[in-house]
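These values consider heavy atoms only, across backbone and side chains, with no hydrogens, waters or symmetry-generated copies. All values derive from a computational prediction rather than experimental measurement.
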There are 2 protein chains.
Amino acid sequence: MFTTDIEQIPGRRTLWEQTAQRLQTLIANGTIAPGTRLTENALAKQLGVSRAPLREAIRHLMNIGLLISEPYKGVRVLELTSEGLHQLYEYRTGIEQMAFRSLWPKRSAESFADLDRRHARLLEAIDSGDSALAIDRELELHQWCYELSGNALLIDAWGRVKPHLRCYFVLHQRAHNRSGPARQSHDRYLEHAKGESLPAALDFIEAHMKQGFDQVIDHVG
Amino acid sequence: MFTTDIEQIPGRRTLWEQTAQRLQTLIANGTIAPGTRLTENALAKQLGVSRAPLREAIRHLMNIGLLISEPYKGVRVLELTSEGLHQLYEYRTGIEQMAFRSLWPKRSAESFADLDRRHARLLEAIDSGDSALAIDRELELHQWCYELSGNALLIDAWGRVKPHLRCYFVLHQRAHNRSGPARQSHDRYLEHAKGESLPAALDFIEAHMKQGFDQVIDHVG
DNA sequence: TGCGATTTGTCCGTATGTATT
DNA sequence: TAATACATACGGACAAATCGC
């Protein structure tokens with residue numbers, strides 16, 4: 001693997017990993033607003049950790065891109081802009097197409113079963129009305145293609161994109177007060193993933209991403 | 001010990017950035033061999049810094065992927081494998097094609113002049129016989145497409161790929177005792193970058209990358 | 001199996017450098 | 001210019017985990 005995947009190994013994580021995860025959640029759900037300037041001492045006290053692990057957590061979120069640091073001036077939370085969203089979707093479209101090209105020869109019955117399982121869990125979350133859970137499940141659904149590709153750099157790139165998507169999704173969901181993209185769109189995503197034509201799948205990904213982009217773009221400053 | 005190597009631009013960057021840069025160079029040029037386990041106290045003494053900034057530098061290189069960390073076990077330098085090289089080139093091909101798709105409408109006379117300037121500097125380095133410099137110049141040449149794309153995520157992705165490429169390039173150069181890819185290949189790269197057909201450019205990138213991959217693959221464990 | 005040695009992870013106090021007022 | 005606030009850096013200390021014997 002590339003970086004340590006924080007979201008796994010739930011039990012015995014180091015303090016800086018837990019701190020990074022907590023910060024990431026606070027940023028994603030808007031508790032810490034975009035553009036907020038973070039002061040280390042105050043934040044360390046609030047989180048109940050010392051500055052050392054906090055600074056390492058900050059360094060991690062910097063590398064993910066959720067925090068922006070200016071030396072000797074401090075760090076601030078990334079602002080959500082239409083330009084940023086555009087670049088995010090351009091990038092995400094590219095890496096997801098890359099993943100599909102890479103995974104295409106590796107497709108199997110088991111991988112399709114895995115995909116179906118993720119899809120079922122997404123539908124389950126949507127029906128439950130828990131929109132935060134639905135967002136996570138949707139990200140897990142798309143993670144299928146990266147894991148199947150087996151390319152550590154792609155998996156890592158996805159891990160970096162995911163928290164950004166979560167931020168924008170939450171923003172969109174708050175504006176609309178309903179959960180993510182339509183069910184039908186994901187049905188067609190699965191059809192193409194299991195279908196026979198790679199070019200058709202790539203085209204659909206492009207359209208699928210553009211649809212997601214258009215849904216969110218109106219709610220960004 | 002190896003503190004003699006780099007003393008470049010210690011200007012106004014923070015200590016952890018300088019430390020990360022020094023470590024990166026030591027890893028790239030093989031002074032610290034792949035697979036080496038790093039112990040913090042010893043390394044801090046050798047580099048003349050305290051553990052705090054060293055740990056942040058390590059965290060940075062972890063996120064780049066040059067160092068691998070297992071909690072409480074330590075960090076070790078990434079090993080160069082044929083599988084890793086394959087994934088690196090698959091990924092690099094993808095993001096460079098992505099960059100070309102993104103920059104294509106933004107091409108201009110000035111951007112072509114910029115590209116020519118980078119090319120000239122590469123040829124200059126090749127002719128000078130300084131292979132380390134030639135490697136840097138080749139990376140700067142390719143960086144053109146990412147900068148012109150203007151996509152911050154793509155630029156960031158390239159920034160993470162670059163140090164890995166440097167490691168493999170140095171490995172290859174040491175085996176061959178000559179500098180990088182042929183001049184003709186870069187000439188054609190420029191022709192396609194300035195040409196009229198995006199699909200042709202994308203195809204050439206694929207071939208160009210595969211050629212680079214084949215040149216290096218034989219020298220990896 | 002346990003025990004000690006080593007290393008990482010964490011915390012604290014303090015000093016220095018930088019930006020801002 | 002002085003003063004304040006904060007980020008950065010250092011050193012020492014202890015706790016926690018791992019590894020070798």
Side-chain angles (χ1 to χ4, degrees), chain A residues 1-24 26-27 32-33 35-78, chain B residues 1 3 6-7 9-24 26-27 32-33 35-78:
Chain A
M1 266 284 288
F2 234 10
T3 60
T4 59
D5 195 344
I6 292 179
E7 306 181 28
Q8 292 164 4
I9 325 165
R12 296 222 311 263
R13 298 176 304 175
T14 58
L15 188 55
W16 77 263
E17 285 176 310
Q18 301 176 40
T19 305
Q21 182 61 53
R22 287 172 64 190
L23 271 177
Q24 189 172 310
L26 291 173
I27 292 171
I32 304 180
T36 304
R37 184 146 167 276
L38 302 180
T39 64
E40 287 185 6
N41 272 315
L43 196 57
K45 276 208 169 95
Q46 286 178 339
L47 296 177
V49 301
S50 70
R51 293 191 306 279
L54 175 61
R55 281 178 64 86
E56 296 195 46
I58 288 175
R59 200 70 53 218
H60 180 74
L61 295 187
M62 267 178 57
N63 284 309
I64 286 182
L66 283 184
L67 295 180
I68 315 256
S69 161
E70 294 159 287
Y72 293 102
K73 288 170 83 174
V75 295
R76 63 178 204 280
V77 180
L78 176 74
Chain B
M1 193 113 142
T3 54
I6 336 94
E7 215 59 49
I9 327 171
R12 286 229 312 273
R13 297 178 305 175
T14 58
L15 188 54
W16 76 261
E17 279 177 305
Q18 302 175 41
T19 306
Q21 182 63 50
R22 289 172 64 190
L23 272 177
Q24 188 173 312
L26 291 172
I27 292 171
I32 303 180
T36 304
R37 180 145 174 279
L38 303 178
T39 65
E40 291 183 2
N41 276 316
L43 195 56
K45 273 203 173 117
Q46 287 177 337
L47 295 177
V49 300
S50 68
R51 280 180 64 199
L54 174 62
R55 281 175 65 87
E56 295 195 49
I58 288 176
R59 201 71 54 219
H60 180 73
L61 295 187
M62 268 179 57
N63 284 314
I64 287 181
L66 283 184
L67 295 180
I68 307 204
S69 160
E70 294 161 284
Y72 292 104
K73 285 179 163 181
V75 295
R76 62 180 202 280
V77 180
L78 177 74

Evaluate the side-chain contact (heavy atoms from CB on, under 4.5 Å) criterion for residues B:L23 and B:I32: first the C-alpha distance (whole Å), next the side-chain angles of each, then the deciding distance (0.1 Å), finally the verdict.
-> CA-CA 8 Å; B:L23 272 177; B:I32 303 180; 4.0 Å; yes
What's the CG-P distance between A:L15 and C:dT8, to the nearest Å?
-> 18 Å
Looking only at heavy atoms, the pair that brings B:P53 and B:L15 closest together is CG-CD2, 4.0 Å
Any donor-acceptor N/O pair, A:R22 side chain to A:L47 backbone, under 3.5 Å | yes
Starting at atom CH2 of B:W16, determine the distance to atom C1' of C:dG17, rounded to an integer number of angstrom.
-> 18 Å
If you draw the axis of the six-membered ring of A:W16, does the NZ or CZ of A:R55 fall within 45° of it and under 6.0 Å from the ring centre?
-> no
Is a donor-acceptor pair below 3.5 Å formed from side chain A:R13 to base C:dG9, judging by atom type as modelled?
-> no
B:V49, nearest nucleotide to its side chain (from D:dA9, D:dC10, C:dC11) = D:dC10
In sequence, state the C-alpha distance, the side-chain angles, and the governing distance for B:R76 and B:T36, and then conclude on side-chain contact (heavy atoms from CB on, under 4.5 Å).
-> CA-CA 5 Å; B:R76 62 180 202 280; B:T36 304; over 6 Å; no
Among D:dA9, C:dG9, C:dC11, find the nucleotide with the atom closest to the side chain of B:P71.
-> C:dG9
Which whole-number value in Å describes the distance from A:I58 CD1 to C:dT10 C1'?
-> 16 Å
Starting at CZ of A:R51 and ending at P of C:dT16, how long is that distance when rounded to a whole Å?
-> 16 Å
B:L54 CG to D:dG12 P, straight-line distance once rounded to whole Å = 16 Å
Residue B:T14, side-chain heavy atoms: nucleotide from D:dC10, C:dC11, D:dT8 that is nearest = D:dT8
Could you pull out the protein-nucleic contacts involving nucleotides 3-6 of chain D (nitrogen or oxygen on both sides, under 3.5 Å)?
none

Could you check B:L67 against B:I27 for side-chain contact (heavy atoms from CB on, under 4.5 Å), going step by step and ending with a plain yes or no?
-> CA-CA 9 Å; B:L67 295 180; B:I27 292 171; 3.8 Å; yes
With the side chain counted from C-beta on, respond yes when A:I68 and A:V75 share a heavy-atom pair under 4.5 Å apart, and no when they do not.
-> no
Euclidean distance, atom CG of residue B:L43 to atom P of D:dC10 [Å, nearest integer] = 13 Å
Round to the nearest Å and state the distance from A:M62 atom CE to D:dT8 atom C1'.
-> 13 Å
Look at B:R55 and C:dG9 and indicate whether a side-chain polar atom (N or O) is within less than 4.0 Å of OP1 or OP2.
-> yes
C:dT7 base to B:R76 side chain: any donor-acceptor pair below 3.5 Å?
-> no
Quickly work out the B:E56 CD to D:dT8 C1' distance and round it to whole Å.
-> 9 Å
